[in-house]
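Count residues from 1 along the sequence. What you see below is based on every heavy atom in this structure, not just the backbone, and it leaves out hydrogens, waters and symmetry mates.
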Amino acid sequence: MVTISSHSFIVAASARAGAASAPTRLTLLAQAFGLAMAFGATAASAQQATAAPGAADAADAAAEAGSTSGGTARTRKQQLEAVVITGNPLNLRDVVAPVQTLSGDALTLKRGASLGDTLEGLSGVGSTYFGPNSNRPTLRGLDGDRVRMLSNSGASVDASSLSFDHALPVDPLVLTRIEVLRGAAALQYGGNAIGGVVNAMDNRIPRLAQPGLGGTAEARLGGAANERGGAVVLDGGTSAFAWHVDAADRRADDQRVPRFTSEDGVSTHVRNSDSHGRSGAVGGSLLFSQGYAGVSVEDYHNEYGVTVEPDVRIQMQRQRLATAGEWRDPLPGLARVQWQFASSRYKHQEVEGSGAVGTVFQSDGKDGRVEAQHVAIQTPWGPLQGVLGWQWEQSDFSALGEEALVPSTTTRSNAVFLIEQFKSGPWSLQAGARGEKVKVGSTGGDEERFGLPTTRRFSPRSLSLTGGVELGRGFSLSSSLSSSERAPTFYELFANGVHVASGAYEVGDVNLRMERAKAVDLGLQWKQGESRWSVQVYQTRFSNYLALDASGRQIAQPTEDGGVESVPEYVYRGVRARMHGVELEGHQPLPALAGWDLTLGTTLDLVRGTNLDTHEPLPRLAPARASVSLQAQRGPWLIQASLRGAARQDKVPALDTPTAGYGILRVNIARHFDLGGMDAMWYVKLDNLANKLAYSASSVQTIRELTPMPGRSLFAGLQVKF
């Protein structure tokens, strides 16, 4: 079990970081708190009223409250549907864009050790799966800097897109909701969202009044990695002020897998895959009749083994200070203004078996976003609503040590975007445009490898057009067109060194042009009562896809024993590429059986990608995947059984190897019960019941045969809401 005192929250973390950095952090905290409170005080003074949340916020609160009031199946079914946040700046109830959400009991039963593990299995969503600790989500076959990772709709500063062995600094234990957005609507977050957006949300900056004291406590035990973990989340306050505190701790051993053969011989464990993660946060908000203004500070630590290097461990830490707020009806003509700003400090050390620090990665970043929604304009054909936004980001990155493959760099970006939506009867139309200014610079380092300091400037532009029509009888049709541009990242421009995670010598190109893509998306949805079915087909054509391709050369590199080894060279270059696919999801209630309410679920996704210059498949694409599940619910009981399968992936580049198909059976059992007047739920998760040996086709080849997917396991947990 975790205790709140084990963290002493951020104060202790700041002390550990060293006295030299304390004044800087205190200054940042004072600035952010002052900014948030200034907004709040100004708005509160202007309104002179008591707290009263808007209708959308009230619905969100009811939905997130879930089953806290009773614990029965009927109570849970009566909860209101939460408004989708990601890609929905107008707070509309019906969102045309393809969005998937996880919250409530569904999130509790899906939570894994990482964000990628938690989302694995959703249609169109995969993961890089560099072992159980480094597991970044992939969307529609795209990964890295083409998938935008957000924390409460703000930028997530880390080094996860640079290397497959770098984990995301996100603890799924304290998340209240995860949203996955794909398609044209994701472009409001920039060219780095060509693949889509994953938004991890918590309540660290409260948006609503939370009188009294409430919260959630959860303890977890078992699984393929013998996990021992838990989290405590507390929320409280008055009608004018809300506060939040959370703390989490998770330990895991080397992951158990079915018997397999690798370079180490025969084994039933993934070597060097244990981990210990812990996090804590505090936050608070001033509340007024037409909005809120708040601030939060968080600290995340994770120490884990790197499977590809059996004697190397990563020690990671991220500290984040954030402020956010909303003011409804601030001025005539303005319906709402939202803002958020954050400052993050990320650092991780790669520690050798001897205890010596090999390489240190550090990234200091700041970001801000302001959105202003104008009031609906009545036209002869219907109301027109829109949002004008501004986004600003800056990051300073450094990698120092023997495995540093990039120089120290700076990245600066500014963007403005406009989204307008028109609705008339069953028809809706949304148009969006975004313009950016991006500056990426190398600030120096090893001049023999990285050259003299260099700066590149880019001006990405993105356009999107989305339409939808309600066809009647529960059917609706949607379509979108988009054109997007992405500025090259610092590692695509300046890399020059051995990348141990991929087993290659990677070389950037300082003369790279922007990545350019055009996409079309077509969707058909049907919803009637609790029945929901949807199918999406899409195609994306890249006129300049920034690919990491083999050059055919071998680079001689010295070894630790004084010898020399050859490493294949891979070069970043622009190529023409095409990606297309289909995604299907279904949720269909069945006739009750012996008092049990039955629901059938199914998913199907398929993505194909081709390098049009070489006519080879793009690397690390998931094969065709499908799942079928049956859920039975009776009173407080819930039983879920699912079978998920993947076809053989033999559409791979010449230097990759095919991956065999597999089928994995999982069973979840949960029961709500009353515990001293509190709603409690215990659950048991049985994974890979047939102990099937399976590998992920989306893993990089150097790690795939070292990290099979988890073997047969039993996982148990207890969650209490009060």
Side-chain angles (χ1 to χ4, degrees), residues 116 119-130 135-144 146-147 164 182 194-196 501-504 515 517-522 535-552 568 570-585 603-627 644-664 692-709:
L119 296 174
E120 178 73 35
L122 296 182
S123 182
V125 182
S127 67
T128 54
Y129 200 71
F130 199 92
N135 204 354
R136 200 177 196 268
T138 65
L139 302 180
R140 291 182 170 178
L142 297 173
D143 59 14
R146 298 180 183 92
V147 175
F164 296 103
R182 303 179 303 281
I194 289 177
S502 60
E515 188 169 77
K518 290 181 171 58
V520 59
D521 200 307
L522 183 65
V535 60
Q536 300 281 145
V537 293
Y538 61 90
Q539 178 171 279
T540 304
R541 283 186 172 268
F542 293 86
S543 61
N544 192 49
Y545 179 87
L546 301 185
L548 184 61
D549 283 346
S551 68
Y570 278 70
V571 178
Y572 284 102
R573 56 167 61 108
V575 301
R576 296 179 303 120
R578 180 185 65 236
M579 302 193 73
H580 59 279
V582 59
E583 300 162 352
L584 181 144
E585 283 189 291
T603 66
L604 170 69
D605 62 68
L606 172 68
V607 59
R608 293 285 184 262
T610 305
N611 181 329
L612 297 178
D613 286 352
T614 64
H615 302 289
E616 283 190 332
L618 294 175
R620 301 185 308 280
L621 296 182
R625 304 179 302 173
S627 71
R644 181 164 182 81
R648 173 182 172 85
Q649 179 57 291
D650 52 15
K651 295 177 173 57
V652 297
L655 298 179
D656 204 344
T657 56
T659 305
Y662 60 84
I664 292 179
K692 174 69 175 178
L693 179 63
Y695 296 89
S696 172
S698 56
S699 295
V700 66
Q701 187 178 8
T702 53
I703 195 69
R704 188 181 302 143
E705 294 183 358
L706 295 173
T707 57
M709 297 174 73

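Scanning both residues, Asn611 and Asp549, for their nearest heavy atoms gives ND2-OD2, 3.6 Å. Nearest heavy atom pair, residue Asp605 against residue Gly124, reads OD2-N, 3.2 Å. Residues Val582 and Tyr538 approach most closely at N-CE2, 3.9 Å, considering heavy atoms. For the residue pair Leu693 and Pro708, the shortest heavy atom distance occurs at CD1-CB, 3.7 Å. In this structure, Ala550 and Leu655 approach most closely via the heavy-atom pair CB-CD1, 3.4 Å. What you find for Val125 and Arg625 is that their closest heavy atoms are O-NH2, 2.8 Å.
Taking the side chain as every heavy atom from C-beta outward, Arg620 and Thr138 never approach each other to under 4.5 Å. Considering only heavy atoms from C-beta on, Val700 comes within 4.5 Å of Phe130 through its side chain. No side-chain heavy atom of Arg576 sits less than 4.5 Å from a side-chain heavy atom of Tyr545.
Judged by distance alone, the side chain of Arg541 and the main-chain N or O of Lys518 form no donor-acceptor pair under 3.5 Å.
One distance of note links OG1 of Thr540 with CD1 of Ile194; it measures 8.5 Å at 0.5 Å rounding. Taken from OH in Tyr662 to CE in Met709, the straight-line distance is 4.0 Å, to the nearest 0.5 Å. One finds the CD1 atom of Ile703 at 11.5 Å from the OG atom of Ser696 (value rounded to the nearest 0.5 Å). Remark: Arg136 CZ to Ser127 OG distance equals 12.0 Å, nearest 0.5 Å. Atom CZ of Phe542 and atom CE of Met579 lie 6.5 Å apart (nearest 0.5 Å). Summarising the geometry, atom OG1 belonging to Thr128 is positioned 5.5 Å from atom CG belonging to Asn135; distances are rounded to the nearest 0.5 Å.
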Cut-off 3.5 Å, no hydrogens considered: what does the side-chain donor-acceptor table look like for residues 646-654, sequence neighbours left out?
unit_1 : atom_1 : unit_2 : atom_2 : d
Gln649 : OE1    : Lys651 : N      : 3.1
Gln649 : NE2    : Leu621 : O      : 2.9
Gln649 : NE2    : Ala622 : O      : 3.4

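Within a 6.0 Å radius of CD in Glu616, more than 12 heavy atoms belonging to other residues, nucleotides or ligands are found.
No side-chain donor from either of Glu583 and Ser123 sits under 3.5 Å from a side-chain acceptor of the other.
A search for ring-ring contact (aromatic ring centres under 6.0 Å, His included) contacts involving Tyr129 returns nothing, not counting sequence neighbours.
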